[in-house]
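The next block holds one structure in the form of structure tokens; read it before the comments.
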Amino acid sequence: MGLQIYNTITKNKEVFQPLNPGHVGLYVCGPTVYGDAHLGHARPAVTFDVVYRYLTHLDYKVRYVRNITDVGHLVGDGDQGEDKIAKKARLEKLEPMEVVQHYTLGYHKNMQSLNTIAPSIEPRASGHIIEQIKMTQEILDAGFAYEVNGSVYFDVVKYNEQHAYGKLSGRKIEDLLSETRTLDGSSDKKNATDFALWKKAAPEHIMRWPSPWSDGFPGWHLECSAMSTKYLGKQFDIHGGGLDLLFPHHECEIAQSVAACNSEPAKYWMHNNMITINGQKMGKSLGNFITLDQLFSGEHKLLDQAYSPMTIRFFMLQAHYRSPLDFSNQALLAAEKGLERILGGLTTLDKIKASESSSVEIQEAIDGFFKAMNDDFNTPIALSHLFDLVKTINNLKASKATINQTDLDLLKNHLHVCIFDILGLKPSQTPTTQNSKEDEIMQILLELRKKAKENKDYETADLLRDRLLEIGIQIKDSREGTTWQKS
RNA sequence: GGUCACGUGGCCGAGCGGUUAGGCAGAGGUCUGCAACACCUUUUACGGCGGUUCGAAUCCGUCCGUGACCUCCA
């Protein structure tokens, strides 16, 4: 069976069939660059990186578009007309684009650490004001928007008369109209459900562009519609993002596209679930907010230690992307060990020598891996098959089983493809510093210990071993000899 | 309050009508001068109560608990 994807809009797993054979258009909602990238940013990045990698592995030519939001998202409470970037800029006395640049570079650095492949196109909202003005005009022309005092709003009630607003998130307009909290001071809208396409800027607002309606800035749902249309067309294959964007963001995107282009933007909607910390949602106000830099350095009160980017990646792959994932030190430590086991198996594999015949069955596990990936990117199941193969490798190493050359080649090839190409894992930097004075000194110490052992002077041998352990260096004895590792 | 999810062994986390998921931890073993590391083997489970069924963690009802969205959010 081919690839199946869970489509949020139909609430079903569907066989994936691209709109244009051999090609896939993939759009993912990217970050708003007004702060350091955090644990939450890593989930969609890793999730859709695997989607991108797997589609590529299946020989699709994928155009992967992920936006950078650098304008337009209003600050949380109250409709003050000031966006996040501008607020941050004002607080830090910086040019807005300075703020944007700083956090964009940080985001890129973190994403690179996580070994995510950069998107084919990474468009910025501020670079597509013209497209957004054009789309606003199209929606006005189609009769689904109205202008009030220099601002333009999408008329959700009118739209709903001809189309189903809420079909993605399963909401009914009557409920929305009766439930939406009444926010004073934003009375320009005809109905509470309406949302801004263009917003007139207050005099003190520092991010502003001219438009037919006012000097202002685009509404906060419009950029994704404008940029996905520009780079992927009016209809494309997959639209992804965090579950928290389902409503209202993605719902509004659909409405905008239907109003302007008369077609729904995406065929498949994919949503990754959220990360919780000790069972609670992560949020700045909750004080359990962890940035990726803090995670990688271990400098946070909730962290017992530093966790490598690959540990974080592996941790996320061990859960299905549609399940919520709870963060804890214990869980991350387990992921760290699990990742070591997988990568260790790969190292061991290089030492395996082929025999005349095979006593092991490896095709089953390989098939299992791909079957799991085909089943809506079920990475935890896929990984479980890789763990089975690692066990097989260890048994081969211990001479409890044999493998012939054909199977050995098959195993090597597939394991590299699965682990590196598809799951995007990579070995950590060599723990021992090679060719350094440190290594030379260690070799001398190991030599001394070897001599002591040969003379049955275990007191000296153990002293060396224990003292080194105290300063964080572990001696590893094995049949092949003794190695060391910083812990 | 409205809408929607979810509750699996010490922990994380798959499965979603009948077969051991997997990882971590624990236990036993191999290796070792003794250890550590590594590897091998292995115990513990499906929130409560009803119902459907030959058979339910898996379907239905109900109760309890947790979370998400409804407001910027990944």
A:S308: side-chain hydrogen bond (donor to acceptor under 3.5 Å, both in side chains) partners, not counting sequence neighbours:
A:T311
Measure the distance from [atom1] on [X] to [atom2] on [N] and round it to the nearest whole Å.
X	N	atom1	atom2	answer
A:H271	B:C4	NE2	C1'	14 Å
A:I275	B:A68	CD1	P	14 Å
A:Y103	B:A74	OH	P	14 Å

Pairing partner (Watson-Crick or G-U wobble, both distances under 3.5 angstrom) of [N]:
N	answer
B:G67	B:C4
B:C39	B:G29
B:C49	B:G61

Side-chain donor or acceptor of [X] paired with backbone N/O of [Y] under 3.5 Å:
X	Y	answer
A:Q294	A:T291	yes
A:E251	A:K167	yes
A:N329	A:L302	yes

For B:C11 versus B:U30, give the span between their C1' atoms, rounded off to a whole number of Å.
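Result for the C1' pair: 27 Å, nearest Å.
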P spacing across the pair B:C70 / B:C12, given as an integer number of angstrom
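It works out to 27 Å between them.
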If you pin A:G40 and A:A335 to their nearest nucleotides in RNA chain B, which one's is more 5'?
A:A335
Both A:A42 and A:L339 contact RNA chain B. Taking the nearest nucleotide for each, which residue is further toward the 5' end?
A:L339
Reading nucleotides 26-42 of chain B 5' to 3', which nucleotides get B (base under 4.0 Å from a protein heavy atom), which S (sugar-phosphate only), which -?
-----S-BBBBS-SSS-
Base-contact (B) and sugar-phosphate-only (S) positions in nucleotides 12-18 of chain B, heavy-atom cut-off under 4.0 Å, - elsewhere
SSSS---
Would you say a side-chain N or O of A:T32 is under 4.0 Å from OP1 or OP2 of B:A74?
yes
